[in-house]
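Report on one structure; see the data block that follows.
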Amino acid sequence: MKTIAIDIDNVLAASAEGLVAISNQLFGSHMTINDFGEDWSKMWGVDHKEAERRGEVLRENKYQKDYLPVDGAAQVINELGKRYKLVLVTSRPKKVEELTRNWLKQYFSYPFDIIVFADFWDDPKNSKDGHLQHKGDLFTQVGADIVIDDQLKHCEAAAKAGVQAILFGDYAWNQTNELPDGIIRYKDWPEILEELVR
Ligand SMILES: [Mg+2]
């Protein structure tokens with residue numbers, strides 16, 4: 001059975017929408033989903049210190065718990081789960097494991113046993129450039145044959161490691177003129193169902 005490593009944010013969870021909504025509410029920003037990015041300082045147009053302060057406020061509000069699932073994710077995951085071993089590889093920190101597992105249970109009946117928390121931001125020395133790190137080694141460690149991720153850098157790392165990469169979604173932050181070899185874009189879960197389960 002082949003293994004698929006699946007991302008959580010903006011793949012299973014509609015994270016950009018959720019983050020933009022709570023951010024506008026808490027900080028009076030006027031962001032749209034197209035403003036979303038992993039570099040929060042850039043996303044908000046504020047300095048690193050202010051971005052860290054806002055990050056702290058978001059974490060106090062357990063901001064990820066109100067995210068909604070991406071359309072079709074739960075149904076397609078169930079179908080994929082019959083043919084593939086599914087593992088999750090997220091850049092979320094380990095300290096939101098419980099929140100994340102509860103959120104998954106709320107919306108997904110598929111029992112995700114293996115969730116790898118990459119934790120790019122936990123080490124203070126990485127707090128500024130956590131968004132530059134990639135999941136390449138983690139994909140190899142979980143024995144992934146296929147990767148589904150909305151971030152081009154993670155797909156590129158997968159492709160470099162010889163893992164088939166699916167760039168998920170047609171988002172403002174994952175546009176590129178040309179997709180590198182080994183990466184294919186599927187715009188939504190119904191398309192993944194069509195391509196991987198037939
Ligand atoms: Mg993501």
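One-based numbering, in listed order, for ligands and for the atoms of each.
- Ion pairing of Glu50 with Arg53 is present here, as a side-chain N (NZ or NE/NH1/NH2) and a carboxylate O approach within less than 4.0 Å.
- Sorted by first and then second residue, the salt bridge (Lys or Arg N to Asp or Glu O under 4.0 Å) pairs involving residues 8-30 (not counting sequence neighbours) are Asp9-Arg92.
- Residue-environment remark: CG (Asp71) stays at or below the threshold of 12 foreign heavy atoms within 6.0 Å.
- Within the protein, the N, O or S atoms lying under 2.8 Å from the Mg ion (ligand 1) are Asp7 OD2, Asp9 O, Asp150 OD1.
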Stepwise, does the salt bridge (charged side-chain N to carboxylate O under 4.0 Å, His left out) test hold for Glu38 with Lys153?
CA-CA 12 Å; Glu38 287 201 324; Lys153 65 181 175 185; 2.8 Å; yes
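- Judged by distance alone, with hydrogens and angles left aside, the side-chain atoms of Thr90 form no donor-acceptor pair with the main-chain N or O of Ile8 at under 3.5 Å.
- Of the charged side-chain nitrogens involved, none lies within less than 4.0 Å of a carboxylate oxygen, so that Lys49 and Glu52 do not count as a salt-bridged pair.
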